Amino acid sequence: MVEEAFDNAERAALGTLPHPPVRRSPRALLVNRLFWARPAAVPVPADARLLHDAVERSDFADAWRMPLNPGMDRDPRAWRHVLPFPVHGTADRELLVGKDASHLDFRSSVLVDDDAVTLATAVRIHNTRGRLYFAVVRRVHPHMARLMLWRAHRRVAFATRPAGERNQQLRKAPR
């Protein structure tokens, strides 16, 4: 991490690196993985308009939130890979995905605000088969939702350009 800080300082001073950027050791990657922020349970945000409009009366709803690191993408489309389901709508700060079936419908919203990303899910059950299916899924859903959000958070964070590159871009931008 110290070498990364020196790379950022060198990039800020020279505008480029005369050598390849340093790679993290397996030990540093493990420490990073162990101390990465974890999703926290929160109420379904009122700002998740697409989710509220898509599922007027839900039989189940939950939400998980993670803080955004500096420089992370605030565009909800960058978080598209959180859930591998068809996109049902997009808004300025929200992406809605989901699937309809004969036994239940579900929608998941990825809401990105200035300082956090929230993954909210709403389920509408149609019949007995849906109740039986969701009785099983409900036990693993919180674990899977947290895991998917955590993995997507790491992917988006690691895709973020280093601070030195971001600062250099800001200096080049016309004012």
Side-chain angles (χ1 to χ4, degrees), residues 1-17 20-24 28-54 61-99 106-122 141-175:
M1 288 184 238
V2 171
E3 291 175 2
E4 285 182 44
F6 283 135
D7 278 355
N8 284 339
E10 193 173 359
R11 191 179 288 112
L14 301 176
T16 184
L17 288 177
V22 70
R23 302 194 87 203
R24 292 183 181 178
L29 291 172
L30 176 64
V31 168
N32 185 293
R33 180 177 223 112
L34 291 174
F35 291 104
W36 199 266
R38 301 281 184 220
V42 296
V44 175
D47 291 347
R49 297 289 352 128
L50 292 176
L51 181 65
H52 291 296
D53 292 345
D62 71 348
W64 302 93
R65 184 176 176 97
M66 288 188 75
L68 290 175
N69 299 336
M72 285 180 71
D73 201 336
R74 265 59 174 177
D75 184 359
R77 290 174 296 210
W79 297 83
R80 168 62 189 97
H81 54 272
V82 169
L83 294 169
F85 299 105
V87 173
H88 282 266
T90 57
D92 190 29
R93 298 176 354 176
E94 186 179 10
L95 175 75
L96 184 72
V97 299
K99 194 152 177 96
F106 87 91
R107 296 290 183 270
S108 289
S109 164
V110 178
L111 180 68
V112 182
D113 57 31
D114 293 332
D115 60 344
V117 59
T118 305
L119 174 63
T121 305
H141 169 77
H143 174 72
M144 295 305 296
R146 287 190 314 258
L147 182 62
M148 287 187 283
L149 180 59
W150 185 77
R151 283 183 175 170
H153 190 271
R154 286 178 54 86
R155 272 189 236 134
V156 171
F158 287 132
T160 301
R161 295 187 337 252
E165 284 183 24
R166 290 193 314 267
N167 290 340
Q168 181 182 10
Q169 192 69 25
L170 288 175
R171 275 189 257 136
K172 288 182 179 178
R175 295 180 188 218

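Counting from 1, the numbers follow the sequence of the chain as shown. Note that the coordinates shown come from a computational prediction; the quantities given were computed from them, not determined experimentally.
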Backbone of R49 reached by a side-chain donor or acceptor of E94 within 3.5 Å: yes

Value rounded to 0.5 Å, distance of CG in L51 from OG1 in T118: 11.5 Å

Any side-chain heavy-atom pair of V97 and R107 under 4.5 Å: no

Atom CZ of R151 with >12 non-hydrogen neighbours under 6.0 angstrom: no

Side-chain heavy-atom pair V117, L111 within 4.5 angstrom cut-off: no

Sub-4.5 Å side-chain heavy-atom contact between V87 and L96: no

Sidechain N-carboxylate O distance under 4.0 Å for D47, R93: yes

H153 and W79 aromatic ring geometry - parallel, tilted or perpendicular at 30°/60° bounds: tilted

P43 versus A63, closest heavy-atom pair with distance: O-CB, 3.8 Å

Separation of W64 CH2 from R146 CZ (nearest 0.5 Å): 4.5 Å

Gap separating the CE atom of M66 from the CG atom of N69, nearest 0.5 angstrom: 8.0 Å

Separation of R155 CZ from W150 CH2 (nearest 0.5 Å): 10.5 Å

Separation between CG of L50 and CG of L95, rounded to the nearest 0.5 Å: 8.5 Å

Greater than 12 external heavy atoms within 6.0 Å of R77's CZ: no

Contact check, side chains of L119 and S108, non-hydrogen atoms, under 4.5 Å: yes

From CA spacing to verdict: salt bridge (Lys or Arg N to Asp or Glu O under 4.0 Å), R74, D114: CA-CA 7 Å; R74 265 59 174 177; D114 293 332; 5.9 Å; no

Carboxylate-amine/guanidinium contact R65 D115, below 4.0 Å: yes

Donor-acceptor contact present, side-chain D75 to main-chain A78, <3.5 Å: no

Side-chain donor or acceptor of H88 paired with backbone N/O of G98 under 3.5 Å: yes

Stepwise side-chain contact (heavy atoms from CB on, under 4.5 Å) test for H52 and V44: CA-CA 9 Å; H52 291 296; V44 175; 3.8 Å; yes

